[in-house]
Amino acid sequence: MNKPVVVSEETLTEPVVVADVAPAAAKAAGPAYVVLAGISVSHFLNDTMQSLIASVYPILKDTYALDFAQIGMITLAFQFTASLLQPVVGHYTDKKAQPYSLAIGMASTFFGLLLLSVAQQYLVILVAAAFVGLGSAVFHPESARIARLASGGRYGFAQSVFQLGGSFGTSMGPVLAALIVVPFGQGSIAWFSSIAFLAILILWRIGRWYAPQIKARKTAAVQAHPDAPSSRRVVLALLVLVALLFSKQLYVSSLSSYYIFYLIDRFGVSTQAAQIYLFIFLAANAVGAFFGGPLGDRFGRKIVIWISILGALPFTLALPYAGLHASAVLSVVIGLIISSTTSSIIVFAQELVPHRFGMISGVFFGVAFGIGGLGAAVLGKLADHTSIEFVYQVCAYLPAIGLLAVFLPKLPRHVR
């Protein structure tokens, strides 16, 4: 698709360098848009299939008489599997890139969907969710590396394009569930295996583009920038970024897993109508995720992180006390603001540890999945003992953790 490119490991913010060509020429070449589009579409397909799990919770709850704690355990089986394996996959591919691993990992999602469509026992449902989580664990670290490799130096933009596909795919799950799974039942989940097959084909083609980049890549000695933060400050900054991602992801998880039940219990809406409201929130997340990266490139990632997490606090505090239509409006505002931080957090972490892109991406994607899964299980247990409304009153304070952004260091910019 494009000439082989090399991610320079000497700098934190230098554009991707085309092999044997001056850096200025690499910058002029810009991002590899075809590759970015392909990896974003793959992310869309991957997360569309993943979001079906949460979207069919009402069906599974009614069919198998599950309580909220058991619903949370399904989310935990899916997301905790991905959380454990993503850093491992990222660490391994840092040492030995696997261009066709994305297609192979998608096969796990394919099998998980088929198993979920025929599952008749709770344990089988958990196993099917774990297989889908395994596919996600393989997909995210290496695809994030490919997005950076194809960025042309516009790291925030490339990460946002990648995140846009995933966020939009997540938002499509409730709509597809309302239109297909609710009317036709659990067995219709098998129809979505065709989406997994399409994703396998796209990822195999991207793997063919990625393979020669690996062979042509030149390694350079890592030389720290004289103004770069110390190792101690890097560790502190990474811990802060994890905490910020915790506040964001746990709040989004609370809405993704239980918003349908909240709307049904409080306002008496139908399951299909509640899924449409969930789609509105998730679609707002997709839009916010896209704009966060370019804004970070333009104004700095630290300021975007500040605004996107702490700025959502007034609206999350108001949500538990709003009416149905006001809740829909507030969910859109919250989604737009809070989701814009993801790209900036991931790129910020990559710039702190520039020679461990795969591991860092795996850790942060893995933490996001793990926090979401563990949080969903804990919140489900809390909802069983109190109420869904009480859960949202507690979660409303999570964005206040954004105050920790004051401890993030200022990263140096390479003199161009």
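Worth knowing before you read on, the calculation uses all heavy atoms, side chains too, and leaves out hydrogens, waters and symmetry mates.
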Lys302 side-chain N/O to Pro409 backbone N/O, donor-acceptor pair under 3.5 Å: no
Shortest non-hydrogen contact from Ala128 toward Gly112: CB-O, 3.5 Å
Sequence-distant partners of Ala322, side chain to side chain contact (heavy atoms under 4.5 Å, CB included), two or more places apart: Ala326, Ser327, Leu330
side-chain contact (heavy atoms from CB on, under 4.5 Å), paired with Ser344, selected from Leu241, Ile305, Ile307: Ile305
Heavy atoms from other residues, nucleotides or ligands near OH of Tyr64 exceed 12 (cutoff 6.0 Å): yes
Within-4.5 Å side-chain heavy-atom neighbours: Tyr258 and Phe68: yes
With sequence neighbours excluded, residues passing side chain to side chain contact (heavy atoms under 4.5 Å, CB included) with Val333: Phe315, Ile337
Between CH2 on residue Trp306 and CG on residue Leu403, distance to nearest 0.5 Å: 5.5 Å
Flag, side chain of Thr341 to backbone of Ile338, donor-acceptor distance under 3.5 Å: no
Side chain Ser117, main chain Leu114, donor-acceptor under 3.5 Å: yes
Exam field: side chain Ser247 to backbone Leu244, donor-acceptor pair closer than 3.5 Å: yes
Atom CZ of Phe291: over 12 foreign heavy atoms under 6.0 Å: no
Residue pair Leu239 / Val242, side-chain heavy-atom distance below 4.5 Å: no
Neighbour count >12 (heavy atoms, 6.0 Å) for atom CZ, Phe267: yes
Min side-chain heavy-atom separation Val347-Gln350 under 4.5 Å: yes
Check: Arg148/Gln159 side-chain N/O donor and acceptor closer than 3.5 Å: no
Spatial distance of atom CZ (Arg266) from atom CD1 (Ile388) [nearest 0.5 Å]: 12.5 Å
Steps toward ring pair (Phe, Tyr, Trp, His ring centres under 6.0 Å) verdict (Tyr262, Tyr392): CA-CA 9 Å; Tyr262 171 76; Tyr392 281 104; 4.7 Å; yes
4.5 Å side-chain heavy-atom contact, Val406 and Val240: no
Ser339 side chain reached by Val252 side chain, heavy atoms, under 4.5 Å: no
Heavy-atom side-chain contact between Ile334 and Tyr251 under 4.5 Å: yes
Backbone of Ala37 reached by a side-chain donor or acceptor of Ser40 within 3.5 Å: no
side-chain contact (heavy atoms from CB on, under 4.5 Å) between Ile125 and Leu115, worked out: CA-CA 8 Å; Ile125 294 174; Leu115 186 60; over 6 Å; no
Donor-acceptor contact below 3.5 Å, side chain Tyr397 vs main chain Leu317: no
Residue pair Leu113 / Ile195, side-chain heavy-atom distance below 4.5 Å: no
Candidate pair Ile74 and Leu126, rule side-chain contact (heavy atoms from CB on, under 4.5 Å), full reasoning: CA-CA 6 Å; Ile74 298 174; Leu126 293 178; 3.9 Å; yes
Within-4.5 Å side-chain heavy-atom neighbours: Ile146 and Leu102: yes
Residues in side chain to side chain contact (heavy atoms under 4.5 Å, CB included) contact with Ile280, at least two apart in sequence or another chain: Tyr277, Val332
Lys61, NZ atom: more than 12 neighbouring heavy atoms under 6.0 Å: yes
Flag for Glu142-Tyr210: side-chain donor and acceptor within less than 3.5 Å: yes
Separation between CZ of Phe139 and CE of Met106, rounded to the nearest 0.5 Å: 5.5 Å
